[in-house]
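Worksheet: one structure, shown below.
Numbering of residues begins at 1 and proceeds along the displayed sequence.
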Amino acid sequence: MVNDHGGALERYLARKLDSPEDAAEVAQEAFLRLHRLESPETLDNARAFLFQVATNLAVDQLRRRKLHLQFMHGERQQSEDGEAPDINGSAASPEHILGAREKLGLIMAAVEELPVNVRQAFLLHRRNGLSYGEIADAMQVSVSSVEKYILQALQHCRKRLAALYPPGENG
């Protein structure tokens with residue numbers, strides 16, 4: 001996989017990240033994640049999965065960059081104005097933030113429990129905003145299969161959350 005797709009993956013990531021060094025690092029992490037799969041041979045399209053993982057990692061890196069730049073801008077403003085910025089702004093209470101993080105952790109754990117094809121379709125749709133048709137093309141399956149995969153993923157995640165957060169309960 002590295003020999004066949006490494007160069008193309010790094011070029012793709014370099015365009016996305018505008019940094020060959022960051023692209024090489026993200027590509028390496030994507031290959032590691034592919035390697036860590038329990039049964040990568042069950043992937044319908046390992047190349048598409050690899051590029052999807054790399055895209056997700058690149059998006060995460062770009063978000064971290066943006067947050068870092070915002071933080072640095074805030075720090076600069078603070079030193080110019082002489083007052084500390086409110087980094088929480090009008091955000092939620094610490095309890096609300098912890099509750100949201102707990103739910104996110106549960107959802108992420110539930111997604112990890114999904115079969116590979118179901119998880120791949122779900123992440124392509126929810127993380128990357130791909131249409132069912134685009135996902136079907138990437139995974140080389142029918143749109144009907146993609147619909148079934150995503151429905152299965154949603155049902156599984158709802159079931160996991162419902163076990164800890166019964167309907168009607170705030171939280």
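- Taking both residues in full, the closest heavy atoms of Val118 and Tyr149 are given as CG1-O, 3.2 Å, listed atom of the first, atom of the second, then distance.
- Two different hydrophobic clusters hold Phe49 and Val59 under the rule that ILVMFWY side chains link at heavy-atom gaps under 4.5 Å.
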For Arg126 and Leu154, run side chain to side chain contact (heavy atoms under 4.5 Å, CB included): C-alpha distance rounded to whole Å, both residues' side-chain angles, the deciding distance at 0.1 Å, then the answer. CA-CA 11 Å; Arg126 292 296 172 135; Leu154 290 171; 3.4 Å; yes

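- Between Ser19 and Arg65, the closest side-chain pair of non-hydrogen atoms falls below 4.5 Å.
- Atom CD of Gln61 is separated from atom CG of Leu13 by 9.5 Å, given to the nearest 0.5 angstrom.
- In this structure, the separation between NE2 on His156 and CG on Leu161 is 10.0 Å, given to the nearest 0.5 Å.
- Residues Ala121 and Ile135 share a closest heavy-atom pair of O-CD1, 3.7 Å.
- Proximity of Ile107 to Arg160: side-chain heavy atoms (C-beta onward) are nowhere separated by under 4.5 Å.
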Would you tabulate the side-chain donor-acceptor contacts of residues 136-144 under 3.5 Å, counting partners in other chains and residues two or more places apart, or write 'none'?
{"residue": "Ser142", "atom": "OG", "partner": "Ser145", "partner atom": "N", "Å": "3.0"}
{"residue": "Ser142", "atom": "OG", "partner": "Ser145", "partner atom": "OG", "Å": "3.1"}

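- Of the possible donor and acceptor atoms, none in the side chain of Arg127 sits under 3.5 Å from a partner among the backbone N and O of Leu123.
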Result block: side-chain N/O donor-acceptor pairs under 3.5 angstrom for residues 28-37, not counting sequence neighbours:
{"residue": "Glu29", "atom": "OE2", "partner": "Arg33", "partner atom": "NE", "Å": "3.0"}

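- The hydrophobic clustering, which links ILVMFWY residues whose side-chain heavy atoms are closer than 4.5 Å, places Leu50 and Val116 together.
- Note on residues 123-143: pairs passing ring-ring contact (aromatic ring centres under 6.0 Å, His included), not counting sequence neighbours, are His125-Tyr132.
- In terms of heavy atoms, Gly129 sits closest to Glu134 at O-OE1, 4.5 Å.
- Closest approach of Ala58 and Val26 over heavy atoms only: N-CG1, 4.0 Å.
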Could you walk me through whether Arg15 and Arg11 satisfy the side chain to side chain contact (heavy atoms under 4.5 Å, CB included) test, starting with their C-alpha distance in whole Å, then the side-chain angles of each, then the deciding distance to 0.1 Å, before giving a yes or no? CA-CA 6 Å; Arg15 285 190 306 271; Arg11 285 188 299 278; 4.1 Å; yes

Would Leu62 and Leu17 count as a side chain to side chain contact (heavy atoms under 4.5 Å, CB included) here? Give the steps. CA-CA 7 Å; Leu62 290 170; Leu17 295 169; 3.8 Å; yes

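- Under a 3.5 Å cut-off, the side chain of Asn128 and the backbone N or O of Leu130 do not form any donor-acceptor pair.
- Distance alone, capped at 3.5 Å, places no donor-acceptor pair between the Arg119 side chain and the Glu113 backbone.
- Of all heavy-atom pairs spanning Ala8 and Phe51, the tightest one is C-CZ, 4.1 Å.
- Annotation for Leu114 and Ala153: closest pair CD1-CB, 3.6 Å, computed over non-hydrogen atoms.
- Atom CG of Asp18 has 12 or fewer heavy atoms from other residues, nucleotides or ligands within 6.0 Å.
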